2 protein chains.
Amino acid sequence: MGMLQAGNNYQVMPYRDEHLAMDFTQQAVILDSERMTLTRKEYDLLALLVQHAGEIIPREALLMQVWGYSPEIRTRTLDVHVRRLRKKLGGYADQYIETIFGIGYRFQPFHAPRFFRPQVVQPAMAVGA
Amino acid sequence: MGMLQAGNNYQVMPYRDEHLAMDFTQQAVILDSERMTLTRKEYDLLALLVQHAGEIIPREALLMQVWGYSPEIRTRTLDVHVRRLRKKLGGYADQYIETIFGIGYRFQPFHAPRFFRPQVVQPAMAVGA
DNA sequence: GCGAACATGTAAAAACATTGTAAAAAGGGG
DNA sequence: CCCCTTTTTACAATGTTTTTACATGTTCGC
């Protein structure tokens with residue numbers, strides 16, 4: 001059981017854009033009308049990112065939410081999972097999942113403007129001690 | 001992590017003038033309606049200057065606030081960062097960031113009159129702590 | 001004015017930090 | 001065991017910050 005669902009049962013609207021659709025109640029992800037096969041962790045990670053589309057989510061937050069890791073733990077598993085997600089997202093990968101250097105990642109809806117680099121929306125560890 | 005945010009969470013009003021807008025809660029900077037991409041240090045430096053628009057901030061204060069350097073430390077990194085900020089500010093650069101020879105720098109709102117050298121508004125701790 | 005002494009500007013290199021990636025190792029459920 | 005998933009490992013690639021070296025600018029005494 002992923003860390004995600006632990007007491008986290010609020011209603012979440014399905015996501016949909018030109019290429020990607022995600023139904024959180026069914027845990028179904030569809031890319032260009034084909035069903036994506038995701039492992040548990042891959043799904044949890046993508047779900048978390050998509051549910052916060054447009055927001056930067058710090059690494060620590062992702063590691064906390066999906067893995068239950070506290071900030072001290074040093075691991076590269078997040079990077080590896082991001083990589084596999086991107087692979088499965090095919091050509092849209094970098095369009096969808098942005099790396100925010102030194103902070104974390106952000107999922108962007110397909111058409112979202114991408115001029116710049118908005119910063120972390122808030123979280124405690126985003127920038128400072 | 002920047003020295004800036006260390007216990008420095010007082011409310012700061014967003015900045016805005018004809019060309020530049022800065023939202024400190026989101027750490028977002030917009031120049032002529034396009035988002036500026038700043039590295040952490042660049043942002044910290046610009047934020048500090050803008051938050052004290054119109055005031056001269058001595059080099060030592062900047063180095064203290066943004067880098068945590070004490071006055072003895074000899075480094076040119078401040079100059080280099082100022083340069084990069086100016087570059088990213090494009091044509092408005094020298095309009096915005098003034099060099100006060102022998103003292104430090106000052107950020108000026110776009111229309112601000114620019115006679116000559118006002119004195120340092122404050123010494124040592126005006127800016128910080 | 002002129003030049004010495006010091007401050008700042010600038011480009012490039014060096015140092016440092018973070019993220020990407022492939023492959024191997026470790027875990028877990030039939 | 002076998003297969004699939006997850007994590008670690010080791011190194012490559014990329015991003016950021018600082019230093020270095022020299023150019024340019026400013027002040028000040030003469």
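Predicted model, so just to flag it, every value in this text is computed and none were measured. Each chain gets a letter, A, B and so on, in the order its sequence line appears, and its residues count up from 1.
Contact between the side-chain N/O atoms of A:Trp67 and the OP1/OP2 oxygens of D:dT6 is not found at any separation under 4.0 Å. Using a 4.0 Å cut-off, some side-chain N or O of A:Thr39 falls inside it from OP1 or OP2 of D:dT6. Between C:dG9 and B:Thr99, a contact under 4.0 Å exists linking OP1 or OP2 to a side-chain N or O. OP1 and OP2 of C:dA17 both lie 4.0 Å or more from every side-chain N or O belonging to B:Arg40. Residue A:Tyr105 places none of its side-chain N or O atoms closer than 4.0 Å to OP1 or OP2 of C:dT19.
B:Ile100 has its CD1 atom 13 Å from the C1' atom of C:dA7, to the nearest Å. Going from atom CG of A:Leu63 over to atom P of D:dT6 covers 15 Å, rounded to whole Å. Rounded to an integer number of Å, the gap from CZ of B:Phe101 to P of D:dT24 is 16 Å. Remark: P of D:dT6 and CG of A:Leu78 are 13 Å apart, rounded to the nearest angstrom. Across the protein-nucleic acid pair, B:Lys88 atom NZ and D:dT16 atom C1' stand 10 Å apart, rounded to whole Å. Atom-to-atom, CD1 of B:Ile73 to C1' of D:dT17 comes out at 14 Å; the value is rounded to the nearest Å. Nucleotide D:dC4 holds its C1' atom 12 Å from the NE2 atom of A:His81, rounded to whole Å. Rounded to whole Å, the distance from CG on A:Leu38 to C1' on D:dT6 is 15 Å.
The side chain of A:Arg76 has D:dT8 as its nearest neighbour among C:dG9, D:dT17, D:dT8.
Contact check for A:Asp94 versus A:Thr99: no side-chain heavy atoms found under the 4.5 Å cut-off. Two residues are said to be in side-chain contact when any heavy atoms from C-beta on lie closer than 4.5 Å; A:Phe101 and B:Thr39 fail this criterion.
Along DNA chain C, the nucleotide nearest to A:Lys87 and the one nearest to A:Asp79 differ in position, and the one closer to the 5' end is contacted by A:Asp79.
The residue B:Val80 sits close to a base: some heavy atom pair falls under 4.0 Å. The residue A:Thr75 sits close only to the backbone: its heavy atoms come under 4.0 Å of sugar-phosphate atoms, none of a base. Within the 4.0 angstrom heavy-atom criterion, only backbone atoms of the sugar-phosphate kind lie near A:Arg86; the bases stay farther away. Note on A:Arg74: nothing from the nucleic acid sits closer than 4.0 angstrom, heavy atoms only.
Judged as a salt bridge (charged side-chain N to carboxylate O under 4.0 Å, His left out), and not counting sequence neighbours, B:Glu60 has no contacts. Qualifying salt bridge (charged side-chain N to carboxylate O under 4.0 Å, His left out) partners for A:Arg16, counting only residues two or more places apart in sequence or in other chains: none.
Separation of the A:Tyr105 and A:Tyr96 ring centroids does not fall under the 6.0 Å cut-off.
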